[in-house]
Enquirer: 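Below are the structure tokens for one structure; questions will follow.
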Amino acid sequence: MTKTLLKVFGKTWKSYKHRFVPWICLNLRKNERTLRQVKDRSKDKQIKDDEVFSSLTQLFTALLRSDLRNQSEHLRLLPTSSQHTYFTTQHDTTQRGPCDTMLHTLGFCIEKRPSSLPSAGTGVCVTRGHVPKGALVAMYPGTVYQADEPILIQSIRNSFVFRCIDGILIDGNDKGISKLVFRSCSGRDRLGPFMLSDSSWLTPHLMNPLAVGQYVNNCSNEKAANVCYQEFDVPDGFPIELYQYFPNVNYRPDILRPLRCVVLVSLRAIQPGEELFSNYYTIVH
């Protein structure tokens, strides 16, 4: 009897595409209205990887252009053709803050705010602009762990451990040992003068305003999900000078493995003042 129950539990456990590991242990009783059902893996992604690539490149390029005062020396090490992307006078090089840059580039801005759900703590809201359906809205920051890498100590009392479909885990906790691990890995990885990750999400002053996805709360019966998670492996062609805005870093350095990111994509149009809600449970049949 016990073996049968364990087998059933194991099968159900593996069917969950995304799960926040400690959270699910305390919420095994499913609520159908808060589940996201996907018929098969090919139907999971709301938008194509090319669209994710385009949105990230567009925003990161704008963030870099708005910070040319601090970036110019590094950029002069790039090929002349790449320098023209940032230094040409045809582009808007107005000095803006990250949120203003996001608003100007994507048409909306998100920020951390007190959640509208009772006892939910911090949430993420659209503070300005309008989010269209199928837009990249946020990113889930954190250290990326492969299945064979140690995360036991970091996961203790940690509700920010996110599981991808292939078992890769992302620790989005911005406190304690998780914070120390990310800073260590981020400081380790660089290519000459170019940083390969962004650790500013660990501070109140974000370089990349998308990097607040770990604070998006789970939907409820009253608050339906308006965003969903989508995995994205950074391709080889991504500009090296823009890696400094990725809020993710591999726990173990491996140049042969692409950087795994998780983005949040809007399921419908979202108006200013609305809070973002996701499905912590996604079942892939």
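Both backbone and side-chain heavy atoms feed into the values below; hydrogens, waters and symmetry mates do not.
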Enquirer: Salt bridge (charged side-chain N to carboxylate O under 4.0 Å, His left out) for D174 and K179? Distances and angles first, verdict last.
Expert: CA-CA 5 Å; D174 56 7; K179 179 178 181 178; over 6 Å; no
Enquirer: Is there a donor-acceptor pair under 3.5 Å between the side chain of T105 and the backbone N or O of T101?
Expert: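 Pair found, side chain donor or acceptor close to backbone of T101.
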Enquirer: Restricting to pairs with a member in residues 106-127, which pass salt bridge (charged side-chain N to carboxylate O under 4.0 Å, His left out), not counting sequence neighbours?
Expert: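 Pairs touching residues 106-127 that pass the test: E111-R113.
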Enquirer: If you compare all heavy atoms of Y245 against all heavy atoms of M207, which two are closest, and at what distance to 0.1 Å?
Expert: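 What the structure gives for the nearest pair is CE2-CE, 3.6 Å.
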Enquirer: Within a reach of under 6.0 Å around CD1 of I153, are more than 12 heavy atoms found that belong to other residues, nucleotides or ligands?
Expert: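 Not more than 12 within 6.0 Å, no.
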Enquirer: List the atom of S266, the atom of P132, and the distance in Å for their closest heavy-atom pair.
Expert: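 Minimum heavy-atom contact is OG-O, 2.6 Å.
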Enquirer: What's the spacing between L242 CG and F60 CZ if we round to 0.5 Å?
Expert: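 Here the interatomic distance stands at 7.5 Å.
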Enquirer: Is it true that F160 and V249 fall in one hydrophobic cluster, defined by side-chain heavy atoms closer than 4.5 Å?
Expert: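 No, F160 and V249 fall in different hydrophobic clusters.
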Enquirer: Would L202 and F182 count as a side-chain contact (heavy atoms from CB on, under 4.5 Å) here? Give the steps.
Expert: CA-CA 9 Å; L202 299 170; F182 188 95; 3.9 Å; yes
Enquirer: Name all residues meeting the salt bridge (Lys or Arg N to Asp or Glu O under 4.0 Å) criterion together with R188; count only those two or more places apart in sequence or in a different chain, and write none if there are none.
Expert: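 With sequence neighbours excluded, R188 shows a salt bridge (Lys or Arg N to Asp or Glu O under 4.0 Å) to no residue whatsoever.
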Enquirer: Between C261 and D233, is a side-chain contact (heavy atoms from CB on, under 4.5 Å) present by the stated rule, with each step listed?
Expert: CA-CA 6 Å; C261 295; D233 287 335; over 6 Å; no
Enquirer: Measuring only between side-chain heavy atoms, which start at C-beta, is M102 closer than 4.5 Å to I110?
Expert: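 With C-beta onward as the side chain, the pair touches.
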Enquirer: So do the side chains of V137 and V265 get within less than 4.5 Å of each other, counting heavy atoms only?
Expert: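 The answer is no; the side chains never approach within 4.5 Å.
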Enquirer: Determine, stepwise, if the pair Q244 / L64 fulfils side-chain contact (heavy atoms from CB on, under 4.5 Å).
Expert: CA-CA 9 Å; Q244 62 182 302; L64 193 151; 3.8 Å; yes
Enquirer: Start with the C-alpha gap between Q71 and E241, add the side-chain angles, then the distance that decides, and say whether side chain to side chain donor-acceptor pair (under 3.5 Å) holds.
Expert: CA-CA 9 Å; Q71 301 283 340; E241 65 273 14; over 6 Å; no
Enquirer: Give me each pair satisfying salt bridge (charged side-chain N to carboxylate O under 4.0 Å, His left out) with a member in residues 265-279, each pair once, sequence neighbours excluded.
Expert: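 Pairs touching residues 265-279 that pass the test: R268-E274.
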Enquirer: Is there side-chain contact between Y229 and V263, with at least one heavy-atom pair below 4.5 Å?
Expert: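 Heavy-atom side-chain distance check fails, nothing below 4.5 Å.
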Enquirer: Got a second to check how far L259's CG is from R257's CZ, nearest 0.5 Å?
Expert: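 It comes to 9.5 Å.
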Enquirer: So if you build clusters from Ile, Leu, Val, Met, Phe, Trp, Tyr with side-chain heavy-atom gaps below 4.5 Å, do L276 and L117 land together?
Expert: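 Cluster IDs for L276 and L117 differ.
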Enquirer: Can a donor-acceptor pair be found between the side chains of N158 and D171 at a distance below 3.5 Å?
Expert: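 Side-chain D/A pair, N158 to D171: present.
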Enquirer: Less than 6.0 angstrom separating the ring centers of F232 and F53, yes or no?
Expert: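 Distance test on ring centres: not under 6.0 Å, no.
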Enquirer: Using side-chain heavy atoms (C-beta onward) and a distance below 4.5 Å, is S115 in contact with T122?
Expert: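 S115 vs T122: side chains apart.
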Enquirer: Applying side chain to side chain donor-acceptor pair (under 3.5 Å) as the test, list every pair that has at least one member in residues 190-203; sequence neighbours left out.
Expert: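 Sorted pair list: S186-S197, D198-S200.
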Enquirer: Is the closest side-chain heavy-atom distance between Y145 and Q154 below 4.5 Å?
Expert: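 Yes, close enough: below the 4.5 Å cut-off.
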Enquirer: What is the distance from atom CG of L210 to atom CG of L56, rounded to the nearest 0.5 Å?
Expert: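 Going from CG on L210 over to CG on L56, the span is 7.0 Å.
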Enquirer: Work out which heavy atom in V161 is nearest to a heavy atom in Y140; give both atom names and the distance.
Expert: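 Heavy-atom minimum between the residues: N-OH, 4.3 Å.
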Enquirer: With rounding to the nearest 0.5 Å, note down the distance linking OG in S178 to CG in N173.
Expert: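 Output value for this atom pair is 4.0 Å.
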Enquirer: Is there a chain of hydrophobic side chains (I, L, V, M, F, W, Y, each step under 4.5 Å between heavy atoms) that links L68 to L59?
Expert: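 Yes, it is one cluster - the side chains of L68 and L59 are joined through contacts under 4.5 Å.
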Enquirer: Do V234 and I170 sit in the same hydrophobic cluster, where Ile, Leu, Val, Met, Phe, Trp and Tyr count as joined when their side-chain heavy atoms come under 4.5 Å apart?
Expert: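 Yes, same cluster.
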Enquirer: How many angstroms lie between SG in C185 and CG in N250, if you round to the nearest 0.5 Å?
Expert: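 Reported to 0.5 Å precision, the distance equals 8.5 Å.
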Enquirer: Between L106 and Q58, what is the shortest heavy-atom contact and its length?
Expert: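 Scanning both residues, the minimum pair turns out to be CD2-OE1, 4.1 Å.
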Enquirer: Quick one: which residue pairs count as a salt bridge (charged side-chain N to carboxylate O under 4.0 Å, His left out) with a foot in residues 125-142, not counting sequence neighbours?
Expert: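 Residue pairs passing salt bridge (charged side-chain N to carboxylate O under 4.0 Å, His left out), neighbours aside: D100-R128.
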Enquirer: Do L264 and Q230 make a side-chain contact, defined as non-hydrogen atoms from C-beta onward lying under 4.5 Å apart?
Expert: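 Heavy-atom side-chain distance check fails, nothing below 4.5 Å.
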Enquirer: Using every non-hydrogen atom in the two residues, find where G123 and N217 come nearest and quote the distance to one decimal.
Expert: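 Answer, listing the atom of G123 first, then N217: CA-ND2, 3.6 Å.
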Enquirer: Indicate, with yes or no, if L267 and F277 share a hydrophobic cluster defined by side-chain heavy-atom contacts under 4.5 Å among Ile, Leu, Val, Met, Phe, Trp and Tyr.
Expert: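 No.
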Enquirer: Is D189 close to M195 at the side-chain level, that is, under 4.5 Å between some pair of heavy atoms?
Expert: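 M195 does not reach D189 side chain to side chain.
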Enquirer: Roughly how far apart are I240 CD1 and L78 CG, rounded to 0.5 Å?
Expert: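 So the gap between those two atoms works out to 9.5 Å.
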Enquirer: Using ring-ring contact (aromatic ring centres under 6.0 Å, His included) as the criterion, list what pairs up with Y243, not counting sequence neighbours.
Expert: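 Partners of Y243 by the ring-ring contact (aromatic ring centres under 6.0 Å, His included) criterion, ordered by chain and then number, come out as F238, F246.
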Enquirer: Evaluate the criterion side-chain contact (heavy atoms from CB on, under 4.5 Å) for residue pair H104 and R96; output intermediate values, then yes/no.
Expert: CA-CA 9 Å; H104 180 78; R96 297 186 178 93; 3.4 Å; yes
Enquirer: Return the minimal non-hydrogen interatomic distance between N226 and I270, and the atom names on each side.
Expert: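 Heavy-atom minimum between the residues: O-CD1, 3.7 Å.
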Enquirer: Does some side-chain heavy atom of L136 sit less than 4.5 Å from a side-chain heavy atom of E51?
Expert: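 Counting from C-beta outward, E51 and L136 never come under 4.5 Å.
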